[in-house]
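Here is the structure we will look at, set down as structure tokens.
From a predicted model like this one, the values you see are computed outputs, not experimental measurements. One-based numbering, in listed order, for ligands and for the atoms of each.
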Amino acid sequence: MKMKTAVYPGSFDPVTFGHLDIIDRAAKIFDHLIVSVFAHSTKKHMFSIDERVAMLRTALKGKKNVTVDCFEGLLVDYVKKKKTSVVIRGLRAISDLEYEFQIAAVNRTLSPGIETVFFMPRQRYTYLSSSVVRDIAHFKGDVSKLVPPHVAKAIAARK
Ligand code: ADP
């Protein structure tokens with residue numbers, strides 16, 4: 001049984017195999033998944049919003065029920081605008097829980113109809129984060145096992 005639209009928000013700076021794993025799982029359960037890049041200007045970033053959106057679009061080409069977007073402002077307002085109430089997040093380990101629990105609780109306080117649904121990635125991606133990728137890239141390490149080839153290329157082009 002599939003259910004309506006869900007929004008998967010994040011920085012995706014850059015998209016990793018961990019994000020793609022969560023997207024695959026969510027897209028199997030929901031009719032339509034909107035992967036949306038949070039345009040948070042104060043966070044230090046490696047790629048611009050447009051670059052992150054483009055890299056996600058390339059990674060998700062061919063996935064018919066997944067679209068890529070970006071948003072500014074409060075997540076709950078964006079989710080309402082998209083006429084849904086479901087937010088997808090990934091849980092890598094217990095260490096993610098405190099932060100995710102706080103965001104989910106705040107979002108529910110702001111908008112009681114919002115439900116946050118968590119997915120666990122396959123074991124091999126539980127250590128993987130965009131910041132790990134950025135750190136490895138900074139020291140010119142090999143990121144080919146962590147991100148899709150076009151993202152690895154974009155990282156290499158940065159050096
Ligand atoms: P943020 O910028 O909020 O830390 P990210 O853009 O890195 O978020 O990730 C968005 C969501 O994807 C978060 O819920 C995060 O926990 C999840 N996520 C990131 N990497 C992975 C991974 N390797 N496995 C599972 N979930 C992940």
Side-chain angles (χ1 to χ4, degrees), residues 5-30 32-60 63 65-79 82 84-111 114-138 141-152 154-155 158:
T5 300
V7 170
Y8 178 29
S11 303
F12 305 104
D13 186 28
V15 59
T16 69
F17 285 139
H19 296 125
L20 295 177
D21 180 291
I22 298 300
I23 290 166
D24 272 344
R25 288 171 203 281
K28 276 186 200 144
I29 292 176
F30 292 90
H32 179 207
L33 181 67
I34 305 172
V35 180
S36 202
V37 178
F38 182 34
H40 190 332
S41 55
T42 62
K43 232 179 176 178
K44 237 183 104 189
H45 59 82
M46 180 174 192
F47 291 102
S48 72
I49 306 300
D50 289 348
E51 287 170 322
R52 284 182 247 166
V53 166
M55 285 189 281
L56 273 164
R57 287 214 170 110
T58 303
L60 298 169
K63 290 204 180 295
N65 66 333
V66 181
T67 52
V68 180
D69 191 22
C70 61
F71 73 102
E72 264 177 320
L74 286 178
L75 176 65
V76 292
D77 293 336
Y78 174 75
V79 167
K82 292 291 159 187
T84 180
S85 55
V86 182
V87 173
I88 305 296
R89 297 289 284 176
L91 276 184
R92 282 162 286 203
I94 294 296
S95 52
D96 275 342
L97 192 64
E98 201 172 328
Y99 176 69
E100 294 292 344
F101 189 85
Q102 185 184 17
I103 301 181
V106 168
N107 285 337
R108 182 182 275 174
T109 303
L110 291 174
S111 180
I114 293 264
E115 289 298 345
T116 305
V117 178
F118 295 99
F119 286 87
M120 280 163 47
R122 62 200 297 178
Q123 198 107 21
R124 78 165 83 126
Y125 299 138
T126 51
Y127 66 92
L128 181 50
S129 68
S130 295
S131 68
V132 160
V133 171
R134 292 197 301 271
D135 287 346
I136 295 171
H138 181 75
D142 178 13
V143 294
S144 62
K145 291 199 181 79
L146 313 179
V147 297
H150 68 284
V151 176
I155 289 171
R158 271 297 141 95

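When the salt bridge (charged side-chain N to carboxylate O under 4.0 Å, His left out) test is applied to Asp96, the partners found at least two apart in sequence or on another chain are Arg92. Residues that satisfy the side chain to side chain contact (heavy atoms under 4.5 Å, CB included) test with Asp69, not counting sequence neighbours, are Ile34, Ser36, Tyr78, Lys82. In this structure, the side-chain hydrogen bond (donor to acceptor under 3.5 Å, both in side chains) partners of Ser85, at least two apart in sequence or on a different chain, are Lys4.
Side-chain contact annotation: Asp13 with Ser11, donor-acceptor N/O pair under 3.5 Å absent.
For ligand 1, the 4.0 Å heavy-atom shell contains residues Tyr8, Pro9, Gly10, Ser11, Phe12, Gly18, His19, Ile22, Lys43, Arg89, Gly90, Arg92, Asp96, Tyr99, Glu100, Pro121, Tyr125, Leu128.
If you run side chain to side chain contact (heavy atoms under 4.5 Å, CB included) between Val35 and each of Thr67, Val7, Leu60, Ile88, only Leu60 comes through.
Between Phe38 and Phe71, the ring-plane angle classifies as parallel under the 30° and 60° cut-offs.
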